[in-house]
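Okay, so here's the structure we're looking at.
Keep in mind that the numbers below use all heavy atoms, side chains included, and drop hydrogens, waters and symmetry copies.
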Amino acid sequence: MSEQPPVIPATLADLVWRARALVGAGERRVLGIVGAPGAGKSTVCAALEEQLGDGAVIVGMDGFHLDNPVLEARARRQAKGAPDTVDVPGYVTYAPRFDREIETSVGSAVPVVNTIPLVVTEGLYLLHDDGGWEQVRPLQDEVWYLEVPTEERQRRLIGRRIGHGDSVADATDWVLRVDQANADVVEASKRNADHIFQLS
């Protein structure tokens with residue numbers, strides 16, 4: 001088992017600076033952003049996209065969720081977000097976008113042109129080493145893991161689900177049962193990261 005990297009306190013500005021430095025050599029780089037559900041991956045990616053503009057493109061793992069009918073046929077709809085509910089072969093092939101309004105993926109919706117120097121990909125299982133995910137880590141030049149206390153992550157997730165229309169009870173049940181099970185898998189993989197950052 002590899003030794004876990006130390007946890008480094010960082011601000012969004014620090015991460016933007018590090019991303020700029022990553023592409024300083026002038027050749028394309030792939031940067032992975034990993035963290036348990038509610039760790040702030042989307043927030044970091046939004047900051048990178050805003051600050052780097054045309055210098056970066058964001059490819060989110062959510063776009064690779066298997067469609068709900070497929071999950072229902074596999075009796076996995078209530079586990080959506082687990083490692084086996086994501087299209088891993090598709091992840092290494094194309095770039096879709098996940099539409100939260102209709103809860104499904106839109107294939108090939110994100111253009112990744114060859115002039116963009118930094119491809120930022122974010123998701124839960126980019127460091128996972130089972131179920132086909134072991135093919136993903138070698139495709140990334142650098143991977144950052146976002147560390148957030150469990151209670152804070154769960155609070156964010158419950159609030160998000162309530163904002164999308166869930167009752168407090170349903171939101172809490174999903175977060176403690178499904179999201180936390182996925183978080184346990186993600187956290188076990190953080191030893192494979194290049195850096196672990198705790199945002200301040």
- Item | 4.5 Å side-chain heavy-atom contact, Cys45 and Glu122 |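 Contact flag for Cys45/Glu122 side chains = yes.
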
Flag, side chain of [X] to backbone of [Y], donor-acceptor distance under 3.5 Å:
X      : Y      : answer
Asp194 : Val143 : yes
Asp129 : Glu134 : no
Asn192 : Leu127 : yes
Thr121 : Gly32  : no
Thr172 : Ala169 : no
Arg137 : Gln140 : yes
Arg156 : Gly38  : yes

Carboxylate-amine/guanidinium contact [X] [Y], below 4.0 Å:
X      : Y      : value
Arg160 : Asp166 : no
Arg155 : Glu151 : no
Lys190 : Glu187 : no

- Message: Side-chain heavy atoms under 4.5 Å apart, restricted to Ile/Leu/Val/Met/Phe/Trp/Tyr: what other residues fall into the cluster of Val148, or is it alone?
- Response: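 So far as hydrophobic clustering goes, Val148 is joined with none.
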
Where is the tightest heavy-atom contact between [X] and [Y], given as atom of each residue plus distance?
X      : Y      : result
Leu48  : Leu15  : CD2-O, 3.9 Å
Ile196 : Gln4   : CD1-CG, 3.5 Å
Pro5   : Arg191 : CD-O, 3.9 Å
Tyr145 : Gly35  : CE1-CA, 4.1 Å
Leu118 : Ala19  : CD2-CB, 4.0 Å
Leu126 : Ile33  : CD1-O, 3.9 Å

- Kindly state each residue pair satisfying salt bridge (Lys or Arg N to Asp or Glu O under 4.0 Å) with at least one member in residues 39-59, sequence neighbours excluded.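 Applying salt bridge (Lys or Arg N to Asp or Glu O under 4.0 Å) to every pair that reaches into residues 39-59, excluding sequence neighbours, yields nothing.
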
- Assess whether side chain to side chain donor-acceptor pair (under 3.5 Å) is satisfied between Trp144 and Glu142, documenting all intermediate values. CA-CA 7 Å; Trp144 302 347; Glu142 192 165 301; 2.7 Å; yes

- Query: Can you list every pair that meets side-chain hydrogen bond (donor to acceptor under 3.5 Å, both in side chains) and has a residue in residues 12-24, with sequence neighbours left out?
  - Reply: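 Residue pairs with at least one partner in residues 12-24: Thr11-Asp14.
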
- Item | Chi angles and distances behind the salt bridge (charged side-chain N to carboxylate O under 4.0 Å, His left out) call for Glu147, Arg153 | CA-CA 10 Å; Glu147 180 89 359; Arg153 284 192 310 92; over 6 Å; no

